[in-house]
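The structure appears below as structure tokens.
Atom set for the values below is all heavy atoms of this structure, side chains included, hydrogens, waters and symmetry mates excluded.
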Amino acid sequence: MLGQCNSMRNTFSGLYHWGDNEDMYFTVVSTLGTAGALAGTLMGSFFAKFGRKIFAYFIEVLLLIGSGIGLIESLPCLFISRGILGICAGLYSYLTPMYIKEISPVEWTGLTGSINHLFIFVGVEVASVFSLFLPDKGESNQAWRLLVGFPGAISIL
């Protein structure tokens, strides 16, 4: 989610006709995801009171909603989607280490935590590779929807 924004800059710029304001819009879109992640991390302790399973289901539903809003071809929807997906990333960054600590044996806790970070890195790289197949600014294509909708598809699984 957070890795897809940089790789889709040209696509968003052409799709939403940012023109001379490209840097400003891109800064807002990038910042919303990061600010959402910070907010999600800070809200994690509140949601953890309801139990890990309900907490995880809540994040999945929120992720599905955020991805669905992102598929709407509208600049305000893009902003809202980036904020929601950022919150989901922050909530997951709070939930996942707690869950790993609970289920892994003590001697494996460090290894499983490292594997978690490895998968985060792989996720960012997969988003970057997928974006290589997106068109440039001048081309009209709906392929960007695959990358924006991918987190929602994963949440259904």
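Ile103 and Ile115 fall into different hydrophobic clusters, where Ile, Leu, Val, Met, Phe, Trp and Tyr are joined by side-chain heavy atoms under 4.5 Å apart, directly or via other members. Cluster membership check: Met98 shares its hydrophobic cluster with Leu91, using side-chain heavy-atom separations under 4.5 Å among Ile, Leu, Val, Met, Phe, Trp and Tyr. Linking ILVMFWY side-chain heavy atoms closer than 4.5 Å, directly or via other members, places Ile154 and Val122 in a single hydrophobic cluster. Residues Tyr99 and Val61 fall into different hydrophobic clusters, defined by Ile, Leu, Val, Met, Phe, Trp and Tyr side chains chained together at heavy-atom separations under 4.5 Å. Linking ILVMFWY side-chain heavy atoms closer than 4.5 Å, directly or via other members, places Met24 and Val29 in a single hydrophobic cluster.
Taking OG of Ser104 as the reference point, atom CG of Leu111 lies at 9.0 Å (rounded to 0.5 Å). Note that NE2 of His117 is 9.5 Å distant from OG1 of Thr96, once rounded to the nearest 0.5 Å. Atom-to-atom distance recorded for Thr27:OG1 and Asp23:CG is 6.0 Å, nearest 0.5 angstrom. For the atom pair CZ (Phe150) and OG (Ser155), the distance works out to 11.0 Å, reported to the nearest 0.5 Å. Once rounded to the nearest 0.5 Å, the distance linking CZ of Arg52 with CG of Leu95 reads 7.0 Å. For the atom pair CZ (Phe26) and OG1 (Thr31), the distance works out to 9.0 Å, reported to the nearest 0.5 Å.
Ring planes of Tyr94 and Phe55: perpendicular class, angle over 60° (limits at 30 and 60°). Relative orientation of the Phe47 and Phe50 rings is tilted, given thresholds of 30° and 60° on the angle between their planes.
Ile87 pairs with exactly one of Leu38, Leu32, Leu62, Thr41 by the side chain to side chain contact (heavy atoms under 4.5 Å, CB included) rule, that one being Leu62.
Across all non-hydrogen atoms, the minimal contact from Pro97 to Ser93 is CD-O, 3.2 Å.
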Side-chain donor/acceptor pairs under 3.5 Å, residues 64-75, sequence neighbours excluded:
from: Ser67; atom 1: OG; to: Leu63; atom 2: O; distance (Å): 3.1
from: Ser67; atom 1: OG; to: Gly152; atom 2: N; distance (Å): 3.0
from: Glu73; atom 1: OE1; to: Arg145; atom 2: NH2; distance (Å): 3.1

